Colleague: 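Before I ask anything, let me first share the structure, which is written out below as structure tokens.
Note that these values count all heavy atoms, side chains included, but never hydrogens, waters or copies made by symmetry. Naming: A, B, ... by sequence-line order, numbering from 1 per chain. Since the structure is predicted, the reported quantities are computational estimates derived from the model, not experimental observations.
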Amino acid sequence: MRYADIVLPVPLPKLFTYEVPNEYHGTLAAGQRVVVSFGKKKLLSGIIFSLHNNKPEAYETKPIISILDDKPIVTLSQLKVWEWMADYYQCTLGEVYKAALPSGLKLESETRIFYNDEFEAETEMPEKTQQILDFLAAKKYSTISEINQFSGLKSCHHIIKQLIELDAVVVNEQLKGSWRPKTEVFLSLHNNVRNENSLRDAFDSLSRAPKQLEVLMLFLQSTGGVSEAMTGKEVLKKELASKAVNSSTAINELIKKEMLVQVKRNVDRLLTSKIENVQKVKTLSPEQDSALQETLKGFDENLPVLLHGVTSSGKTEIYIHLIDQAIKKGQQALYLLPEIALTTQITNRLKAHFGEKLGIYHSKFSDDQRVEVYNNLLNNKSYRVILGVRSSVFLPFSNLGLIIIDEEHENSFKQFDPAPRYHARDVALVLGQGFKSSVLLGTATPSIESYYNVQNNKYRLVELTTRFEGMMMPEIIVVNTREAQRKKMMQSHFSPQLLEHISEALSNKQQVILFQNRRGFAPFMECMSCGWIPKCKHCDVSLTYHKHIHQLICHYCGYSSNVHATCQACESPTLNLKGFGTQKIEEEIGQIFPDASIARMDYDTTRSRKGYENIISGFEQGEYNILVGTQMVTKGLDFDRVSLVGILNADQMLNHPDFRAFEKSFQMMAQVSGRAGRKHKRGTVIIQTSDPEHPVIAKVRSNNYAAFYQEQIEEREQFNYPPFYRIIHLTIKHKNQNVTNQAANYLAGLLRSVFGSRILGPQVPPVNRIQDHHLQRIMIKYERKASPSQVKKLIRDCINQTLANERWKYVQIVNDVDPL
DNA sequence: AGCACGCCGACT
DNA sequence: GTCGGCGTGCTC
């Protein structure tokens with residue numbers, strides 16, 4: 001095989017053919033990583049997709065520069081999933097590759113500019129050039145982006161080019177960013193002193209070096225005693241060093257005197273905490289046990305099972321039993337959770353059961369740690385279970401027997417940007433087919449699509465209707481805010497009933513959760529005189545005010561701006577903070593209950609690595625009385641002292657212009673209500689709304705999922721929405737608004753000639769400009785029974801025909817399959 | 001997506 | 001006259 005087709009991390013819809021150097025003939029396989037040169041100078045790592053002997057006719061091939069692995073790091077079954085994804089989600093293999101591997105396994109070159117020491121200037125050069133040269137001379141070498149940053153230039157290309165011509169600098173491409181094993185230094189007793197006599201002599205010889213003596217004693221203590229130390233037991237150097245002040249010189253002296261020896265060893269980054277005693281799997285309640293048996297029956301029929309269990313019904317225990325069984329059969333298990341539900345609570349619980357068999361794959365982990373999880377699984381080391389977020393469907397499983405998708409209804413399983421815009425639940429089902437794994441979808445509030453699959457006998461349904469350990473479903477009180485407003489009884493966002501219940505809970509030393517879904521209601525500034533609102537320079541959105549840094553930030557492109565004292569339009573000093581976010585609620589509730597301690601959980605307070613866990617554990621331990629939060633508070637948290645949950649504004653969710661708004665509202669309200677109540681004490685939920693008779697609220701109140709589903713499914717059928725129809729969104733982007741509009745109209749016309757009334761739009765999406773690109777959107781709704789691949793091919797043809805047109809060949813068209 | 005090339009307007 | 005911004009094309 002003399003040629004290799006290689007997947008490269010570029011969004012181009014093809015593979016690239018490189019020549020295999022002679023010495024590698026017959027030694028390569030699909031899935032191995034190679035380094036190749038791409039374009040004029042770039043070095044990239046890519047994945048061998050296939051090997052063949054077809055010499056390309058149209059171009060000269062470049063050779064593969066080097067081979068990074070002796071054996072494939074992407075398995076054949078992974079490559080199959082990649083291919084399926086690229087096809088189903090209409091993206092390129094390169095985009096899948098980018099998403100699939102942790103960046104530590106993807107190498108890319110970086111241009112380094114080296115200063116030439118022998119250089120002597122013959123003529124004077126411009127000031128800027130001289131500055132950059134001085135900068136390089138001081139640093140020896142630097143990168144383009146560093147120089148740009150230093151010089152404040154948008155591009156330093158011209159200057160560098162000049163310097164190259166003058167021989168003042170040389171450039172060089174350097175591969176960077178590769179993962180390296182972590183090493184730590186261990187100490188053990190030197191062979192010379194591993195008997196009592198010589199050890200005694202050693203002690204004697206240290207009589208005038210008290211510090212070294214102290215350290216040696218500490219070392220012996222750390223090994224667990226002299227006899228242990230004699231066997232060569234090792235102690236972490238940094239741990240020993242931390243036991244005495246200024247001990248590092250003493251340690252190094254002892255090494256020099258050949259009393260201690262040090263060795264560097266590769267250590268696992270993930271085995272930081274010691275594994276506690278592995279817990280036995282708990283016995284299940286009768287309800288749980290029969291649910292487990294039902295689930296197994298479904299698995300026997302080779303059907304995915306939808307486990308519909310009310311909140312706090314103990315689904316996790318069932319999962320643990322299933323995982324345990326899979327491991328006993330020698331299989332692997334994958335437990336998928338949405339990002340925000342992957343808390344220490346659940347991690348600790350699983351760790352207690354599965355110990356070092358458990359691997360965790362999470363975006364808050366460093367990239368090095370993710371590489372280690374990847375390698376652990378690839379080399380079949382310790383992991384048998386992976387608890388992870390959406391991207392863990394990309395891990396190199398070899399014998400996946402069980403997949404659990406918990407909180408199956410969660411939208412965050414769908415990746416929105418960048419491509420691949422995949423839904424982890426749907427990819428997991430495909431993954432499961434490949435391995436013939438058992439698949440379990442768990443939730444208290446199934447998505448309409450999944451429940452429909454139950455009705456159609458594509459999934460088996462298992463229900464858990466009772467809460468764990470005698471917990472009762474909460475009492476739900478609906479408060480009419482319109483009426484309260486009319487009677488002028490609303491105190492800002494709080495109804496008298498809600499305030500009454502809060503103060504009652506507080507005086508009973510119980511905790512309160514206040515839920516505010518702030519979607520579209522983030523705090524922003526507005527001029528009270530002229531109505532001017534600070535907007536993003538590059539996007540069609542108002543800037544969001546962030547109190548902690550006192551800045552305005554664009555949530556779409558990250559643009560930030562200082563807060564000005566005066567209005568930029570009319571110059572009057574009347575800029576006011578507007579909006580109804582969690583921060584506002586936090587402040588106001590603090591004024592009403594000055595003695596309560598309040599925590600806030602939202603995008604801002606949980607961005608840092610520890611922020612999220614601090615808030616949760618603080619609330620758990622009763623440091624806070626009230627927790628104010630966005631949808632984050634609804635996910636998989638079990639608190640023991642929460643007696644009251646307040647939903648501040650249900651209307652906001654219900655009035656969203658989206659066909660899934662009711663579904664999302666029901667799920668959100670049901671989930672957040674599930675946080676109320678403790679063992680043997682019924683919790684209370686207060687829902688504030690201006691429309692207490694709203695059918696969705698009625699179903700939440702009666703906890704009647706089936707009725708809710710019935711209503712929704714009829715609506716979906718009537719208006720041709722999923723699950724009866726499939727949806728594809730095409731977003732057309734261009735810097736010039738006219739070009740965007742024309743291209744969108746042309747494309748929509750083409751599509752209509754093929755699909756007729758299945759085409760909607762083009763329409764301007766709610767946010768019509770992002771990063772200086774104007775947007776238009778076309779929606780394609782087509783019957784579920786139509787062949788998706790056929791439909792997608794026809795759509796591709798229309799897109800290609802549009803892009804072939806000279807006038808809009810620079811238009812970007814983004815494909816979102818099954819959008820949410 | 002990145003990156004280089006080259007065209008063209010802005011300032012010395 | 002040069003500098004540097006941005007539009008255009010190419011990547012095995």
Colleague: Provide, to the nearest angstrom, the distance between the CG atom belonging to L803(A) and the P atom belonging to dT8(C).
Modeller: 15 Å

Colleague: Heavy atoms only, 4.0 Å cut-off, all strands: where does E60(A) land among base, sugar-phosphate and nothing?
Modeller: sugar-phosphate

Colleague: Sequence neighbours excluded, which residues qualify as side chain to side chain donor-acceptor pair (under 3.5 Å) partners of N745(A)?
Modeller: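 N745(A) satisfies side chain to side chain donor-acceptor pair (under 3.5 Å) with no residue once adjacent residues are dropped.
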
Colleague: For H362(A), which residues count as a side chain to side chain contact (heavy atoms under 4.5 Å, CB included) partner, sequence neighbours excluded?
Modeller: E339(A), L342(A), I360(A), K364(A), F365(A), V389(A)

Colleague: Just how far, in rounded Å, is P of dT11(C) from CD of E108(A)?
Modeller: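 For the pair E108(A) CD and dT11(C) P, the rounded distance is 19 Å.
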
Colleague: So what does F38(A) touch, heavy atoms closer than 4.0 Å: a base, only the sugar-phosphate, or nothing?
Modeller: base

Colleague: Let me know the distance between CZ of F16(A) and C1' of dG2(B), rounded to the nearest Å.
Modeller: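 Computing the F16(A):CZ to dG2(B):C1' distance gives 12 Å.
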
Colleague: Using whole Å, report how far NZ of K106(A) lies from P of dG2(B).
Modeller: 12 Å

Colleague: Is it the case that T111(A) and E173(A) place a side-chain donor and acceptor less than 3.5 Å from each other?
Modeller: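 Side chains of T111(A) and E173(A): pair found under 3.5 Å.
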
Colleague: By the 4.0 Å heavy-atom rule, please label L12(A) as base, sugar-phosphate, or nothing.
Modeller: base

Colleague: Within this structure, what is the CG-to-P distance between D772(A) and dG7(C), rounded to whole angstrom?
Modeller: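 After rounding, the reported distance stands at 11 Å.
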
Colleague: Counting the atoms with a prime plus P, OP1 and OP2 as sugar-phosphate, which does K14(A) contact under 4.0 Å by heavy atoms, base, sugar-phosphate, or nothing?
Modeller: base

Colleague: Measure CG/L15(A) against P/dT11(C) and give the value in whole Å, please.
Modeller: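 Taking CG of L15(A) and P of dT11(C), I get 16 Å after rounding.
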
Colleague: Using a 4.0 Å heavy-atom cut-off, does T111(A) contact any base of the nucleic acid, only the sugar-phosphate backbone, or nothing at all?
Modeller: nothing

Colleague: In whole Å, what is the span from the CG atom of L8(A) to the P atom of dA1(B)?
Modeller: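 Interatomic distance, CG of L8(A) to P of dA1(B): 16 Å.
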
Colleague: Could you grab the distance from atom NE2 of H729(A) to atom CG of D818(A), nearest 0.5 Å is fine?
Modeller: 10.5 Å

Colleague: Check this for me, if you would: do K106(A) and D367(A) make a salt bridge, where the nitrogen-to-carboxylate-oxygen distance has to be below 4.0 angstrom?
Modeller: no

Colleague: Which ones in residues 40-50 of chain A lie close to DNA chain C, meaning a heavy atom under 4.0 Å from one of its atoms?
Modeller: none

Colleague: To the nearest Å, how far apart are E110(A) CD and dG2(B) C1'?
Modeller: 14 Å

Colleague: Within 45 degrees of the ring normal and closer than 6.0 Å to the centroid, is that where the cationic atom of K792(A) sits relative to Y88(A)?
Modeller: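 Yes, K792(A) lies over the aromatic ring of Y88(A).
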
Colleague: Quick test of your reading of the model: are R33(A) and D69(A) salt-bridged, counting only N-O distances below 4.0 Å?
Modeller: yes

Colleague: Starting the side chain at C-beta, find the nucleotide from dA1(B), dG7(C), dC12(C) nearest to Y59(A).
Modeller: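 So the nucleotide nearest the side chain must be dC12(C).
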
